[in-house]
Amino acid sequence: MPWRETQNPYIIWLSEILLQQTRVDQGMPYFYKFIDNYPDVSKLAKAEEREVLRLWEGLGYYSRARNLHATAKLIVEKYSGIFPQSYNELLKLKGVGPYTAAAIASFSYNEPVAVVDGNVYRVLSRFFGIKDDIASPSGVKKFRELANALIPIKDPSTYNQAIMEFGALHCVPVKPKCENCPVSAQCYAFGANEQSSLPVKNKKIIKKNRHFNYLAFVWKDKILMKERKGKDIWQGLYEFYNNESSEILDPGNLLEKLPSSELTIVKSSEVMKHILTHQILFCKGHIINVNSKSAFNAIKGALDLNEFSINQINDLPKPVLIQRFLKQCEF
DNA sequence: AAACCGGGGGT
DNA sequence: ACCCCAGGTTT
C-alpha cells in the first residue's frame with residue numbers, strides 16, 4: 001500500500017482519513033485521485049470545499065471530506081504548513097480521533113502510541129479473552145490501555161502495521177485462519193472455541209424508513225438543484241427538489257401547488273431502495289420539463305432552488321442515490 | 001452513553 | 001438480513 005512507503009505526514013493523514021470505516025480496496029482509487037489533485041497540503045487547502053466533496057463522491061461519511069479540507073486550511077494558516085508531531089497535538093485536528101492520531105504519530109514520527117481499530121479490537125479480544133463491549137467507553141478505554149501496554153518502544157510503526165494486518169488478513173471476523181496461526185496455542189478464543197463470539201459488540205442499529213420524492217425541473221439547458229444543509233445526511237451535497245413524506249407520492253400530488261399547465265413529466269424512475277447504515281431510503285424521482293422561463297423562475301423562487309446548466313451538474317457533489325436516479329432516467 | 005454519519009462487500 | 005470495514009463527532 002502506497003502510504004506505507006513514506007513517513008510524509010500528509011500522505012499518512014490523507015490515507016488514514018480515507019480509510020476510516022472503509023475497506024482498503026474501496027478507498028484505494030480515491031487515494032490516488034486525491035494525491036493526483038492535491039499532491040501536498042497547500043494544494044488541498046487552496047481547493048474549494050465543493051471540489052473536495054466532488055472527489056469524495058461515492059465514498060460516504062462526507063464529514064470526513066469537509067473536515068479534511070478544513071484541517072488542510074488550518075495546517076497551512078496556523079501551523080505554517082507543518083503537521084503537529086505528537087499524538088496529543090494531532091488529536092486536536094478536526095476529523096482526527098484516537099486511531100488516526102496514533103497512526104500518524106507512530107507511522108510518521110515513531111511515537112510509541114498504539115492504534116486501536118477494528119482489527120486490533122478483534123485480535124486483542126480473542127487472544128486475551130476480553131469480553132468487554134468494544135462499543136462502550138469503558139471497553140474502549142480497556143483495549144486502548146492494553147494496546148499501549150503491548151506496544152514496543154523500538155519500532156512502534158511496524159508493530160502497529162503488523163497487528164492491523166494480522167487482523168485484516170488472518171484473524172478475520174468470519175472463519176479466522178486458526179489452523180495456520182502462529183499464536184493459536186496462546187490464544188484464548190482458539191482454546192475456548194469462542195472465535196465467533198469475540199469481540200463483543202452489543203450496539204444494535206435501528207434503521208428508519210424515509211421516503212424521498214425528487215422533482216428535477218428542467219428548462220432548456222437549465223436544471224434546478226439544492227445543496228443539503230443542516231444536521232441531516234449528505235451535508236454539502238446537491239440534490240433535486242426533495243419532497244420528503246411518509247410514503248412515495250404520485251407525481252400528480254407532488255405538482256399540485258405548482259403551475260401544472262406549464263409542466264410535463266418527461267421521465268420517472270422506479271422506486272429505488274437505498275440502504276444506509278441507519279436509514280433505509282425509498283426514493284422515486286421525476287424529470288419535469290418546464291415550458292416557460294417565467295414558470296421556471298417562479299418554481300426556483302418558491303422552492304428555494306439554485307439554477308445550473310445541465311453540463312455543470314456533473315461537477316457538483318451528489319449522493320449516490322442522485323446518481324442512480326439520473327442513470328435510471330438516462331439523463 | 002447513545003445517536004448519528006455512507007456506501008460497498010461478504011456470508 | 002446481518003455483519004464488517006485501517007472511526008469520529010455531536011447530542
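By convention in this document, chain letters (A, B, ...) are assigned in the order of the sequence lines, proteins followed by strands, and residues within each chain are numbered from 1.
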Response to the item:
By salt bridge (charged side-chain N to carboxylate O under 4.0 Å, His left out), A:Lys222 pairs with (sequence neighbours left out) none

Discussion item. Going by the rule side chain to side chain donor-acceptor pair (under 3.5 Å), which residues pair with A:Ser261 if we only count those two or more places apart in sequence or in a different chain?
Written reply: none

Worksheet item: Just how far, in rounded Å, is C1' of C:dG7 from NZ of A:Lys201?
Response: 11 Å

Practice prompt. Measure the acute angle between the ring planes of A:His211 and A:Phe282, then classify it against the limits of 30° and 60° as parallel, tilted or perpendicular.
Written response: parallel

Practice prompt. Write down the distance between CZ (A:Phe31) and P (C:dA6), rounded to a whole number of angstrom.
Written response: 16 Å

Worksheet item: Can you pull the salt bridge (charged side-chain N to carboxylate O under 4.0 Å, His left out) pairs that have at least one residue in residues 288-313 of chain A, sequence neighbours excluded?
Response: A:Lys226-A:Asp304, A:Lys300-A:Glu307

Response to the item:
For DNA chain B, the dot-bracket notation using Watson-Crick and G-U wobble pairs below 3.5 Å, [ ] for pseudoknot-type crossings and | for other-strand pairs, is |||||.|||||

Worksheet item: Heavy atom of residues 132-151 of chain A under 4.0 Å from DNA chain C: which residues?
Response: none

Item to complete: Please name all residues satisfying salt bridge (charged side-chain N to carboxylate O under 4.0 Å, His left out) with A:Lys73, sequence neighbours left out, ordered by chain then number.
Response: none

Fill in: With A:Tyr238, the side-chain hydrogen bond (donor to acceptor under 3.5 Å, both in side chains) member among A:Lys318, A:Arg54, A:Arg228, A:Arg50
A:Arg50

Item to complete: If a pair satisfies ring-ring contact (aromatic ring centres under 6.0 Å, His included) and one of its residues is in residues 77-101 of chain A, list it, with sequence neighbours excluded.
Response: A:Trp13-A:Phe83

Worksheet item: CD1 of A:Ile205 versus C1' of C:dC3: gap in Å, rounded?
Response: 9 Å

Worksheet item: Over how many whole Å does the gap from A:Leu68 atom CG to C:dG8 atom P extend?
Response: 13 Å

Worksheet item: Please give, in whole Å, the distance from C:dG8 P to A:Leu91 CG?
Response: 9 Å

Extract all donor-acceptor atom pairs below 3.5 Å that involve side chains of residues 119-128 of chain A and protein atoms in other chains or at least two apart in sequence.
{"unit_1": "A:Asn119", "atom_1": "OD1", "unit_2": "A:Arg122", "atom_2": "NH2", "d": "2.7"}
{"unit_1": "A:Asn119", "atom_1": "OD1", "unit_2": "A:Ala168", "atom_2": "N", "d": "3.3"}
{"unit_1": "A:Asn119", "atom_1": "ND2", "unit_2": "A:Asp117", "atom_2": "OD2", "d": "3.0"}
{"unit_1": "A:Arg122", "atom_1": "NE", "unit_2": "A:Cys171", "atom_2": "O", "d": "2.7"}
{"unit_1": "A:Arg122", "atom_1": "NH2", "unit_2": "A:Gly167", "atom_2": "O", "d": "2.8"}
{"unit_1": "A:Ser125", "atom_1": "OG", "unit_2": "A:Tyr121", "atom_2": "O", "d": "2.8"}
{"unit_1": "A:Ser125", "atom_1": "OG", "unit_2": "A:Arg122", "atom_2": "O", "d": "3.1"}
{"unit_1": "A:Arg126", "atom_1": "NE", "unit_2": "A:Gln195", "atom_2": "O", "d": "3.1"}
{"unit_1": "A:Arg126", "atom_1": "NE", "unit_2": "A:Leu198", "atom_2": "O", "d": "3.1"}
{"unit_1": "A:Arg126", "atom_1": "NH1", "unit_2": "A:Cys171", "atom_2": "O", "d": "3.4"}
{"unit_1": "A:Arg126", "atom_1": "NH1", "unit_2": "A:Val172", "atom_2": "O", "d": "2.8"}
{"unit_1": "A:Arg126", "atom_1": "NH2", "unit_2": "A:Val172", "atom_2": "O", "d": "3.3"}
{"unit_1": "A:Arg126", "atom_1": "NH2", "unit_2": "A:Pro173", "atom_2": "O", "d": "2.9"}
{"unit_1": "A:Arg126", "atom_1": "NH2", "unit_2": "A:Gln195", "atom_2": "O", "d": "3.1"}

Worksheet item: Do the non-hydrogen side-chain atoms of A:Ile134 and A:Phe143 ever get within less than 4.5 Å of each other?
Response: yes

Worksheet, complete the sentence: Taken to the nearest whole Å, CG/A:Leu19 to P/C:dG7 is 8 Å

Worksheet item: For nucleotides 2-11 of chain B, read 5' to 3', which letter fits each nucleotide if B means a protein heavy atom sits under 4.0 Å from the base, S means only the sugar-phosphate is that close, and - means neither?
Response: --BBBBBB--

Worksheet entry | Of residues 95-122 of chain A, the positions that come close to DNA chain B - non-hydrogen atoms, cut-off under 4.0 Å | none

Discussion item. Heavy-atom nearest nucleotide on DNA chain C for A:Leu93 versus A:Met164: which residue maps closer to 5'?
Written reply: A:Met164

Discussion item. Does anything in residues 257-285 of chain A form a salt bridge (charged side-chain N to carboxylate O under 4.0 Å, His left out)? List the pairs, not counting sequence neighbours.
Written reply: A:Lys267-A:Glu330

Worksheet item: If you measure from the P atom in B:dT11 to the same atom in C:dA6, how many Å do you get, rounded?
Response: 14 Å

Response to the item:
A:Glu227 meets the salt bridge (charged side-chain N to carboxylate O under 4.0 Å, His left out) criterion, sequence neighbours left out, with A:Lys229

